Number of protein chains: 2
Amino acid sequence: MMILGLVKWMQPVHGYDVRRELLSWGADKWANVQPGSIYHALRKLAQEGQLREVATEQVGARPARTTYEITPKGLDEFETLLRDLWWGNQQAADPFVAAFAFLPALPRPEAVAALRSRGQVIRAGVESMRASMESSWIRDSKPVGVTWMYELWIARGEAEADWCDRVADRIEAGVPYLPESLAGRDGWTAVEPAPEVEREPTPTPNADTETEAETDAY
Amino acid sequence: MMILGLVKWMQPVHGYDVRRELLSWGADKWANVQPGSIYHALRKLAQEGQLREVATEQVGARPARTTYEITPKGLDEFETLLRDLWWGNQQAADPFVAAFAFLPALPRPEAVAALRSRGQVIRAGVESMRASMESSWIRDSKPVGVTWMYELWIARGEAEADWCDRVADRIEAGVPYLPESLAGRDGWTAVEPAPEVEREPTPTPNADTETEAETDAY
DNA sequence: ACGCCGATAGTCAAACTTGTCTAATACCCT
DNA sequence: AGGGTATTAGACAAGTTTGACTATCGGCGT
């Protein structure tokens, strides 16, 4: 419950504020919270007694906005939730890994190309993060934790980019996909060769905050 | 949709088979596919014409089971889906990062302890993965891709564990959370000191068997 | 021979997410 | 002043995921 935490820290807030803060953190990318979910979450939390409605003002004929603040019960819940996340160790779901599981379904040259491209994209992302980490804007207008988070992403990114290259090399070298014991087995026939259009690293829209280096990619 | 791929490779299958295969891959952890979703997915895919119902047998008085196989349309869809995932680069949502964002809400000593513990847990996981990678069972009864996936996890894990230690050191050293420019600002008051119950590193995650993960809500 | 346990196969309602829509106001540029 | 765009707040329906639940069959220990 990110949202609980945000309310705690921005008290009292209305949904729109929460939404903006989340987006400014880029949290829609790394937490599973899209703007659309916020209001529902707020209402549900309020109804569970973890938040309390504090006021409902209306400006002109615009939608009325309701401000919330956290209740002791909510604080409590936040605390345990936070601790669970800090102490617990859960493996995040990664769509790429899922796709990688189907490695043999892709023609070798394409797999190699994809991995190489991925490696590059990741490295570019790492670079751009490193840059914005050093930018003074981040450095002295955001809590240090933000920088540290960047460091984590960078570390992960580097590890992953290296892995991409390593694996690409192996695939290129023709390492067989199956151990001999299963050699005959197929069903793992590759998908049609390739869609002739050569792919370029999909231009991922990025850049929340400034530092708009169009060096794309996360 | 992983499931399409699985059906392609195990054709013809019924839901339960898919479920078992997924669980045997541990895919409920790293893909977002819980057993409960499978049947819904199958029906939806069938209804969209990407799968075709092939038979419905019934053994005794047990629930009837329906077997599916993939259609050309499904193959097509799978192909593009697969390529999107291989080429696209999307940042996976990570609950820990979300929690880390609330760093200042935790008393320093606890944050340090939690990070250290996390580092250890991750290292232990890495070790156990390394072990099962070397085990002959994996080596010659599973596709090589599996080993490579382990390598990825190991690389990531090592990067992350190091990061944990680094950050723990800094927090311990008392590095301030906010830049001076924001020094006065609070609202980031830490949560109650600590629930005196000492936490222990969650039981070391074992690579090929179950690992508990707790649900987070928003 | 009998009861218990785990595997088999799948259903279902509830919870959660998400993208899209509305509709008024503020801002900007010429 | 006028017209276009962006911002402000939030509602909503549709789609997905999930955990909990059924009910049967096959073995295994005793």
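Every chain is numbered from 1, with letters handed out A, B, ... down the list of sequences. Please read all numbers here as calculations on a predicted model, not as lab measurements. Worth knowing before you read on, the calculation uses all heavy atoms, side chains too, and leaves out hydrogens, waters and symmetry mates.
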B:Arg20 CZ to C:dA9 C1', straight-line distance once rounded to whole Å:
11 Å
Euclidean distance, atom OH of residue A:Tyr39 to atom C1' of C:dC16 [Å, nearest integer]
18 Å
Does A:Arg43 put a side-chain nitrogen or oxygen below 4.0 Å from OP1 or OP2 of D:dG10?
no
Least distance between heavy atoms, B:Arg19 atom then B:Ile38 atom
CA-CD1, 3.4 Å
Table of protein N/O atoms under 3.5 Å from nucleotides 14-16 of chain D N/O atoms:
residue : atom : partner : partner atom : Å
D:dT16  : OP1  : B:Lys44 : NZ           : 3.2

Any salt bridge linking B:Arg130 with B:Glu158? Criterion: basic side-chain nitrogen under 4.0 Å from a carboxylate oxygen.
yes
Under 3.5 Å, side-chain donor or acceptor atoms of residues 42-51 of chain B against the rest of the protein: list the pairs with distances, not counting sequence neighbours.
none

Quick one: A:Asp28 CG to C:dC16 P, roughly how many Å, whole number?
20 Å
How close or far is atom P of C:dT18 from atom CG of A:Leu22, stated in whole angstroms?
12 Å
Calculate the interatomic distance between A:Gln47 atom CD and C:dA14 atom C1'; express it in whole Å.
13 Å
Rounded to the nearest 0.5 Å, the OG1 atom of A:Thr80 sits from the CH2 atom of A:Trp87 at a distance of 14.5 Å
Between D:dT17 atom P and B:Leu42 atom CG, what is the distance in whole Å?
12 Å
Which nucleotides of nucleotides 21-27 of chain D have their base under 4.0 Å from a protein heavy atom (B), which only their sugar-phosphate (S), and which neither (-), written as one string 5' to 3'?
---BS--
Atom pair CG (A:Leu85) and CZ (B:Phe102), whose distance is rounded to the nearest 0.5 Å
10.0 Å
Grab the CD1-P distance between B:Ile38 and C:dT11 for me, whole Å please.
12 Å
Flag side-chain contact, heavy atom, 4.5 Å: A:Tyr150 against A:Val146:
yes
Ring pair (Phe, Tyr, Trp, His ring centres under 6.0 Å) partners of B:Trp163, counting only residues at least two apart
B:Phe100
For A:Lys73, salt bridge (charged side-chain N to carboxylate O under 4.0 Å, His left out) partners two or more places apart
none
Using whole Å, what does the distance between atom P of nucleotide D:dG19 and atom CG of B:Asn32 come to?
12 Å
Where each residue is assigned the nucleotide of DNA chain D containing its nearest heavy atom, which of A:Gly15 and B:Ala41 is assigned the position nearer the 5′ end?
A:Gly15
State whether B:Tyr16 places a side-chain N or O below 4.0 Å from either non-bridging phosphate oxygen (OP1 or OP2) of C:dT8.
yes
Would you say A:Gln34 places a side-chain N or O within less than 4.0 Å of OP1 or OP2 belonging to C:dT17?
no
Test of understanding: with salt bridge (charged side-chain N to carboxylate O under 4.0 Å, His left out), list the residues that count as partners of B:Arg118, not counting sequence neighbours.
B:Glu160
Smallest separation among heavy atoms of A:Leu82 and B:Ala99, with atom names
CD1-O, 3.9 Å
Nearest nucleotide by nearest heavy atom, which residue falls closer to the 5' end of DNA chain C, B:Asp17 or B:Gly36?
B:Asp17
Against the side chain of B:His14, the closest entry in C:dT17, D:dG10, C:dA9 is C:dA9
Is the phosphate of C:dC16 approached by A:Ser37 (side-chain N or O, under 4.0 Å from OP1 or OP2)?
no
